[in-house]
Structures are given as structure tokens and as C-alpha cells.
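Notes for the one structure printed next.
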Amino acid sequence: MVRHLFIFSFKRGIDSFGGKMKRYLRSLLLFIPFALLVYLALLLLSAEALPQFLLNNVTRHNGGGHSYLRLKQAKEYKNVDILFLGSSHVTAGFDPRIFSNSGYQTFNLGSSAQTPIQTYYLLERYLDSLNPRLVIIDAYQYLFQIDGVESMAELAANDYLGKDTLSYTLMYNNVRLYNTVVYKCLRDLLGLKTTEKRVISHIKYIDGGYGEGLSKSNINEENGTFRYILDPKQCQYFSNVISMLKNRSIPYIIIQTPYVRSYYEAISNREEFNLYLSSLGDYYNFNEIMKLDNNKDFKDVHHLNQNGVVKFDAKVLELLKTDIGFTTIN
């Protein structure tokens, strides 16, 4: 009798537990789509309405780096003489108007905080269509030690989404990048248009990918020293960039744009970086080639102002014509 009561009670307990689990699973299945809809709605509304500095976990389209206009034009330019690649040192350092005056058609495919990973990503997308006769790659030591999430999110928010975007997003496995890709998908699905802004954050966009700085210079001299530690993954992608160009028989040169002297000399392992870049091809460090005026030629310790850009680009043109022998076709 006791045995039967135990078995009966056990079965009732199992049935009761099973019923509760079914109700729990049913509630969970109903909650998941509701939570997903809330997430999508909040993501879209916050990204559309809030200023970017409040959006720590999503990157909005058409930010201060002008990537939207630059990438839109990258699809339109064909068979350029020179393609520039790199970070904001490139977007704010190579003025296509100056090169055009010397007979070169150029395109500036730089982007904010572009690491070698993003350089490779952009070359996979645009190298064949831009079909440059020469590629100039700027190598900024700091960008060899960071992960590149900021740059990848900016590119994802402002360019078309493809399988490569998903692949890089999964590689990073980062919340900000996931949110940015989902936000971009929502905008595309809803057909939301992006306004073309020529002036953003005191930077004026010039056709060909250039961002002309309009703000006043703010130079704070560096004191002491610091080191930039190279990430092996970034170094591998930089080697992949070089290999891609070699495989297509496209000539390239590697450069460092000029910095304020105190900033450049504060990098304690700069010579190691110089040796590393020299081992990969023709390398020109303009911190050693030319001297600029800290107060007249720089926007900050490692970005040129327009006055400095004019001097720097003139020196690059001189190098192209005399040292490299790279001339115009016509």
C-alpha cells in the first residue's frame, strides 16, 4: 500500500513538473519574439534619435569620418592612377585636388582608425574596380596594436552589407559591431535614406575621398616616452595586403605621414617599426624626410592641417616623379 502511494505521488509530481515546464517553455517561446521586437525597435529609435556620443554600442551611418560619401564614390571611380589607404592620416592628408593639378587621378580610401584588417577588407571590395596604377599605404604604429572594432563598425554602417561583412563581424564577436550590422539591416529593409553631408565635425568632404579640416589647430607637445606594441594579427593582415598587391602586380609604397616632432620622438620603439616596414617593400618615413612647423602645419600632434597638407603632398609628388619615376599617362 505504501509502495503504491509512493509511486502515485511520484507520478503526480512528474506530471506536475512536466506541466510547469511546458508552461514555462510556452511562455519563453512567446517572450523571445516579443523581446526581439523590443530590441529592434529600441535599437532603431536610439540610433536614429540620440547623438553619437551617447551610442556606445552602435555606430550610426554618416558619422564624422565621411565614410558614407567616400564609399559611395568608391563605387563610381575606375582605373585611378593612385589609391591611398590608411587611417585619418590618409583622409586628412592626401588632397586629390593637389594631385589632379599634377595630372594624377587619385582616390582616397582611408577611414577613421583604419587598421590593417580594414585595409584588407576594403581592398577585397574595391581594388579590382578602382584598378590603381600605384597604391600608397600609410602605416600608423598605434593602429597595429588596437582591434579595429571602431573602424569596422563605421564601414559596416556606411557601406553595403555582404557575406564578407558577416564574416568579419563573427570574427570580432563584438556587441557594438553586431548592433551596427543589425541597425544597418533595419535601415536597408525600411528603405531609410541617408542624407549626404558635405561638412561634418568641422571637416569638409572633397570629391575623391578627402576630408579638409576646418577647425583651428590644437597642439599639445608630448612629454616622456611610450611604446606601441604590434598585434601579430594586425601584422598578418598587413602582410596579406602586401601579398594581394603583389599577386596583382600592382606597385605600392609604404609611408608614415609627418607628426609633430615631440610626438614622433616620444615613441620609444619607432625604429623597430621602421625596420619592420622597410622589410615589406619601399618605405618612406616623412618624419625623417621633411620638417614641418608645429604651429603652422598641424591640426594636432599627428594630423596635418591644410597648410601642412599642401607641403606634404608637394613632397610626395616630388618623390613620385624623381625617386620612383611614377609619371602620368598623358
Side-chain angles (χ1 to χ4, degrees), residues 28-72 74 86-89 91-92 109-122 124-125 140 142-197 199-203 205 211 228-229 231 233-234 237 300 303:
L28 183 62
L29 290 174
L30 291 173
F31 176 74
I32 288 175
F34 172 75
L36 180 61
L37 288 174
V38 171
Y39 160 70
L40 295 175
L42 289 177
L43 177 63
L44 181 64
L45 290 173
S46 60
E48 289 291 311
L50 295 177
Q52 182 63 62
F53 71 89
L54 292 177
L55 301 175
N56 295 324
N57 285 324
V58 62
T59 297
R60 186 166 43 220
H61 61 286
N62 212 352
H66 283 108
S67 285
Y68 174 75
L69 277 172
R70 185 174 297 108
L71 295 171
K72 178 184 177 183
S87 66
S88 55
H89 294 162
T91 62
L109 197 56
S111 61
S112 178
Q114 183 183 120
T115 74
I117 294 175
Q118 285 74 57
T119 302
Y120 187 77
Y121 172 83
L122 288 169
E124 283 189 306
R125 286 193 160 200
Y140 178 30
Y142 165 71
L143 295 174
F144 278 71
Q145 76 169 16
I146 65 174
D147 57 19
V149 169
E150 174 191 347
S151 178
M152 196 69 233
E154 181 179 332
L155 297 179
N158 289 283
D159 205 1
Y160 68 91
L161 297 178
K163 292 181 179 178
D164 54 347
T165 317
L166 178 60
S167 175
Y168 280 78
T169 300
L170 293 173
M171 179 185 78
Y172 275 111
N173 193 26
N174 178 272
V175 171
R176 179 176 182 177
L177 193 49
Y178 284 130
N179 284 339
T180 299
V181 169
V182 172
Y183 167 56
K184 170 66 174 174
C185 286
L186 289 172
R187 286 186 57 82
D188 290 348
L189 287 171
L190 295 173
L192 299 178
K193 294 184 178 180
T194 301
T195 304
E196 297 184 2
K197 297 179 181 179
V199 179
I200 303 175
S201 301
H202 304 290
I203 300 174
Y205 182 79
Y228 289 135
I229 307 301
D231 181 344
K233 188 172 186 177
Q234 295 292 2
Y237 268 88
D300 56 41
H303 289 95

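Note that these values count all heavy atoms, side chains included, but never hydrogens, waters or copies made by symmetry.
How far CD1 of Ile117 is from CG of Leu143: 11.0 Å, rounded to the nearest 0.5 Å. For the atom pair Tyr228 OH and Ile146 CD1, the distance stands at 10.0 Å (nearest 0.5 Å). Atoms OH and CG, from Tyr39 and Leu44 in turn, are 11.0 Å apart once rounded to the nearest 0.5 Å. The NZ atom of Lys72 sits 9.5 Å away from atom OG1 of Thr194, with the distance rounded to the nearest 0.5 Å.
Looking at Ser151 and Glu154, their side chains never come closer than 4.5 Å, going by heavy atoms from C-beta outward. Residues Leu170 and Tyr178 are in side-chain contact: their nearest non-hydrogen atoms beyond the backbone lie under 4.5 Å apart. In this structure, the side chains of His66 and Ile203 come closer than 4.5 Å at one or more pairs of heavy atoms. Using a 4.5 Å heavy-atom threshold, the side chains of Leu109 and Thr91 count as separate. In this structure the side chain of Leu40 reaches within 4.5 angstrom of the side chain of Val182, judged on heavy atoms. Residues Tyr160 and Arg125 are in side-chain contact: their nearest non-hydrogen atoms beyond the backbone lie under 4.5 Å apart.
Looking only at distances, a side-chain donor or acceptor of Tyr172 sits under 3.5 Å from a matching main-chain atom of Asp147. Judged by distance alone, with hydrogens and angles left aside, the side-chain atoms of Arg187 form no donor-acceptor pair with the main-chain N or O of Ala157 at under 3.5 Å. Checking side-chain atoms of Asn62 against main-chain N and O of Thr195 turns up a donor-acceptor pair under 3.5 Å. Checked by atom type and distance alone, the side chain of Gln234 never pairs as donor or acceptor with a backbone atom of Gln145 at under 3.5 Å.
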| field | Full working for side chain to side chain donor-acceptor pair (under 3.5 Å) between Thr119 and Gln114 | value | CA-CA 7 Å; Thr119 302; Gln114 183 183 120; 2.7 Å; yes
side-chain contact (heavy atoms from CB on, under 4.5 Å) between Met171 and Lys233: does it pass, once the steps are laid out? CA-CA 12 Å; Met171 179 185 78; Lys233 188 172 186 177; 3.6 Å; yes
For side-chain contact (heavy atoms from CB on, under 4.5 Å), just list the numbers for Arg176 and Asn56, CA-CA rounded to whole Å, side-chain angles, deciding distance to a tenth of an Å, and then say yes or no. CA-CA 7 Å; Arg176 179 176 182 177; Asn56 295 324; over 6 Å; no
Intermediate values then yes/no, side chain to side chain donor-acceptor pair (under 3.5 Å), Gln118 and Thr115
CA-CA 5 Å; Gln118 285 74 57; Thr115 74; 2.6 Å; yes
If you apply the rule side-chain contact (heavy atoms from CB on, under 4.5 Å), what do you find for Leu55 with Asn179, and how did you get there?
CA-CA 11 Å; Leu55 301 175; Asn179 284 339; over 6 Å; no
TODO: Please test Tyr168 against Leu155 for side-chain contact (heavy atoms from CB on, under 4.5 Å), starting from the C-alpha separation and ending with a verdict.
DONE: CA-CA 11 Å; Tyr168 280 78; Leu155 297 179; over 6 Å; no
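Taking both residues in full, the closest heavy atoms of Ala153 and Thr180 are given as O-CG2, 3.4 Å, listed atom of the first, atom of the second, then distance. Residues Ser88 and His303 approach most closely at OG-NE2, 2.6 Å, considering heavy atoms. A pairwise comparison of heavy atoms in Leu122 and Ser111 identifies CD1-OG, 4.4 Å as the closest pair. Contact between Glu150 and Ser112 at its shortest, heavy atoms only, is OE2-OG, 3.8 Å. Contact detail for Arg70 and Gly110: the closest heavy-atom pair is CD-O, 3.1 Å. Contact record, Asp159 with Lys184: O-CE, 3.0 Å, taken as the closest heavy-atom pair.
For the ring pair (Phe, Tyr, Trp, His ring centres under 6.0 Å) with Tyr237, the qualifying choice from Phe144, Tyr120, Tyr121 is Tyr120, the only one to do so.
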